[in-house]
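Reviewing the structure listed below.
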Amino acid sequence: ITLSPGSRPAWAFVTSAQVMQVGTNSLVLHEAREAALAAVGLMRGAGRVVSCDPNVRLHVWPSPDELKHLLRTLVPLCDVFKMSEEEISVVSGQRDVEGALKWLAELGVKIAVVTRGPHGAEALWNGQRLSVPAPVVEVVDTTGAGDGFQAGFLAGLLRADFWAKPSAEALRGALEL
């Protein structure tokens, strides 16, 4: 299937998902960006969950301003937004974890998460701040660490049926996966 904003009838499979995960690196091309934003709109219209991990790689963008413009559009459409501590200033313009979490919440993100490498993760949900430690492991390579975290986190939320029965306990359990 070729996905483009004009092929929406072929997109029925999009809203059959419970969660849609969006990253920004694949959205460098204008056509991909339009298609992804259309899919996000379909998910939101169907009452599904939209999640984003921007996975910022400034070197792939023609300009940082183009990425920042996309984020200003995308962030308010997300139910879940995860960024790494290193991405805070680029994504939010903030200087610290607390400022970034508050910024995301003010834009309407329901679950704001900042991962902190060996220092764990911080989340803000429903006005509650949660902090979880990182497991102690021997690090061989960090490639894909954020993706792995996000996959486990979203799977944990789904397993706990968080969207039907939200609780700080369920959120903490998902963060600790």
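The basis for the numbers below is simple: all heavy atoms, side chains too, and nothing from hydrogens, waters or symmetry mates.
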Correct closest heavy-atom pair for E66 and V28 would be OE2-O, 4.2 Å

In terms of heavy-atom contacts, T24 and L71 come closest through CG2-CD2, 4.0 Å

Would I88 end up clustered with L74 when hydrophobic side chains under 4.5 Å apart are linked, directly or stepwise?
yes

Of L124, V91, L101, the one forming a side-chain contact (heavy atoms from CB on, under 4.5 Å) with V114 is L101

- prompt: Any side-chain heavy atom of L104 sitting closer than 4.5 Å to one from M83?
  reply: yes

Check: Can you find a pair of side-chain heavy atoms, one from L27 and one from V22, that are under 4.5 Å apart?
Finding: yes

Between S63 and D65, a side-chain donor and acceptor under 3.5 Å: no

Listed pairs under 3.5 Å, donor-acceptor, residues 160-177 side chains, sequence neighbours left out:
residue, atom, partner, partner atom, Å
S167, OG, A170, N, 3.0
R172, NH1, S131, O, 3.0

dist T115:OG1 -> E85:CD (nearest 0.5 Å) comes out at 8.0 Å

### Message
Do V97 and V132 land in one hydrophobic cluster if side-chain heavy atoms of ILVMFWY residues count as linked below 4.5 Å?
### Response
no

Rounding to 0.5 Å, atoms CD1 (I111) and CG (N126) come to a distance of 10.0 Å

| N/O donor-acceptor pair under 3.5 Å between S92 side chain and Q94 backbone | yes

Across all chains, not counting sequence neighbours, the side-chain contact (heavy atoms from CB on, under 4.5 Å) partners of E98 are D96, K102, R129

Q | Same apolar cluster (I L V M F W Y, side chains within < 4.5 Å links), L58/L70 | A | yes

Between V75 and V19, is there a shared hydrophobic cluster once you connect ILVMFWY residues whose side-chain heavy atoms come closer than 4.5 Å? no

If you look only at distance, which donor and acceptor atoms sit under 3.5 Å apart when one is on a side chain in residues 41-56 and the other is two or more places apart or in another chain?
residue, atom, partner, partner atom, Å
R44, NH1, L77, O, 3.0
R48, NE, T15, O, 2.9
R48, NE, A17, O, 3.0
R48, NH1, A46, O, 3.1
R48, NH2, T15, O, 2.9
S51, OG, Q21, OE1, 2.7
S51, OG, Q150, NE2, 2.8
D53, OD1, N55, N, 3.1
D53, OD2, K82, NZ, 3.4
N55, OD1, R57, NH1, 3.1
N55, OD1, R57, NH2, 2.9

Taking E87 for the side chain and S84 for the main chain, is one N or O donor matched with an acceptor at less than 3.5 Å? yes

TODO: Find out whether F81 and L107 are in side-chain contact, i.e. whether some heavy atom of one side chain is under 4.5 Å from a heavy atom of the other.
DONE: no

Exercise. In the single-linkage hydrophobic clustering (I, L, V, M, F, W, Y; side-chain heavy atoms under 4.5 Å), do V60 and V90 co-cluster?
Worked result: yes

Do K110 and V80 have side chains that approach each other closer than 4.5 Å (heavy atoms only, starting at C-beta)? no

Worksheet item: Does the side chain of L130 come within less than 4.5 Å of E122's, by heavy atoms?
Response: no

* Compare all side-chain heavy atoms of H69 with those of T73 and state whether any distance is below 4.5 angstrom. => yes

